Amino acid sequence: MAKKLHYFDTIIGLAEPIRYILHYGKHKFEDVRYKREDWPIKSVKDSLPYGQLPLYEEGNKSLNQSLAIAKYVAYYSKLVPTDPWEQAVLDAVVYNIYDFFKFVGAYLKEQDPVKKQELKKQILYEQVEYFFSRFEKELKNNNGYFGGKLSWADFVFVGIIEAANYFLGEKVESKYPYIKALVQNVQNLPGVKEYIASRKVEPL
Ligand SMILES: N[C@@H](CCC(=O)N[C@@H](CS)C(=O)NCC(=O)O)C(=O)O
């Protein structure tokens, strides 16, 4: 069945973990990308169920919400545990990293340069410390992966860290050895490594 992922041309963002998982699983998919500067493309936006990207299509079915898509495509690569408790633990992981990323989203939206700098400072000195000390502890207690072994949550986590680094212009994980190791491990996975080598990062 034909698979298509629709997102912006930006290589860093909510669709990047999905792209990683699809490349890791060696899935053929059409990577449909829209230029930010062309957005909103009325015909596309109007066709989206909630007006936003990413959107995933498989045959005549379609799915929105980045986390739902990432988890779904991960099933095919045995990256989702069967045990309901283990699944819930990983769901919590991805919501936790998204909770951190909300602060980055607020920073991106802020137009006032003084307030923007203040938000950046708060992220780097308060939110990173708060969230990352906890992520680090989880990884340390679980063999370096959130679920004890590689799972879809690790891909989402790494993709979101990359997005935060890109938008903030900082390496937010630099003081956290377990997080750094996870980022490197995921980025070096077969399929992901080649994809990363082939992508072009546009400057902000
Ligand atoms: N909760 C949604 C958020 C989707 C979202 O915020 N998409 C943004 C890009 S990252 C978007 O489509 N923005 C353009 C618009 O709203 O027109 C998800 O995780 O997929």
Side-chain angles (χ1 to χ4, degrees), residues 3-25 27 29-59 61-77 79-80 87-111 116 119-120 123 127 131 135 146-147 151-170 172 183 186 192 195-196 199-204:
K3 299 178 170 75
K4 274 190 197 181
L5 178 66
H6 302 254
Y7 194 62
F8 294 107
D9 205 16
T10 48
I11 61 103
I12 305 280
L14 298 184
E16 202 61 0
I18 304 168
R19 295 188 185 122
Y20 285 172
I21 296 169
L22 287 166
H23 284 289
Y24 173 74
H27 293 288
F29 71 102
E30 195 183 332
D31 197 347
V32 184
R33 295 171 184 234
Y34 304 98
K35 286 199 183 315
R36 263 284 183 195
E37 54 269 31
D38 296 342
W39 198 258
I41 303 168
K42 193 175 177 333
S43 58
V44 179
K45 185 150 172 96
D46 288 352
S47 72
L48 298 169
Y50 285 83
Q52 289 198 308
L53 297 168
L55 183 85
Y56 176 72
E57 289 183 285
E58 206 174 83
K61 295 184 292 192
S62 69
L63 188 64
N64 75 314
Q65 287 294 350
S66 55
L67 291 177
I69 302 167
K71 188 173 181 179
Y72 173 72
V73 297
Y75 271 106
Y76 293 113
S77 302
L79 292 168
V80 183
Q87 281 202 22
V89 167
L90 296 180
D91 289 347
V93 169
V94 299
Y95 294 135
N96 286 332
I97 188 70
Y98 266 49
D99 277 357
F100 163 72
F101 198 61
K102 273 183 212 151
F103 292 100
V104 180
Y107 160 79
L108 285 175
K109 280 196 193 114
E110 182 57 64
Q111 297 294 316
K116 201 173 173 81
L119 286 179
K120 182 171 172 175
I123 296 173
Q127 279 104 29
F131 281 94
F135 297 146
F146 281 103
S151 77
W152 75 288
D154 300 309
F155 287 78
V156 170
F157 183 83
V158 170
I160 295 300
I161 298 255
E162 276 192 310
N165 286 347
Y166 177 71
F167 293 124
L168 295 166
E170 304 280 342
V172 286
V183 170
V186 169
V192 178
Y195 166 64
I196 289 178
R199 70 185 184 178
K200 213 173 114 223
V201 183
E202 304 285 341
L204 262 183

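We use all heavy atoms of the structure for the numbers below, so side chains are in, but hydrogens, waters and symmetry mates are not. Every number for a ligand or one of its atoms is a count from 1 in the order of the listing. Here the structure is a predicted model, which is why all the values come from computation and not from measurement.
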Asker: Listed by chain and number, what are the salt bridge (charged side-chain N to carboxylate O under 4.0 Å, His left out) partners of E16, not counting sequence neighbours?
Answerer: R19, R199
Asker: Determine the minimum heavy-atom distance between I161 and V172, stating which atoms define it.
Answerer: CG2-CG2, 4.2 Å
Asker: Using side-chain contact (heavy atoms from CB on, under 4.5 Å) as the criterion, point out the one residue from L67, V80, I18, L63 that pairs with Y72.
Answerer: L63
Asker: Name all residues meeting the side-chain hydrogen bond (donor to acceptor under 3.5 Å, both in side chains) criterion together with D38; count only those two or more places apart in sequence or in a different chain, and write none if there are none.
Answerer: none
Asker: Name the residues with a heavy atom less than 4.0 Å from ligand 1?
Answerer: Y7, F8, L14, R36, W39, K45, G51, Q52, L53, P54, Q65, S66, Y98
Asker: Which atom pairs, one a donor and one an acceptor, fall under 3.5 Å between side chains of residues 99-107 and the rest of the protein, sequence neighbours left out?
Answerer:
unit_1 : atom_1 : unit_2 : atom_2 : d
D99    : OD1    : K102   : NZ     : 2.9

Asker: So, Y98 versus S66: side-chain donor-acceptor pair below 3.5 Å or not?
Answerer: yes
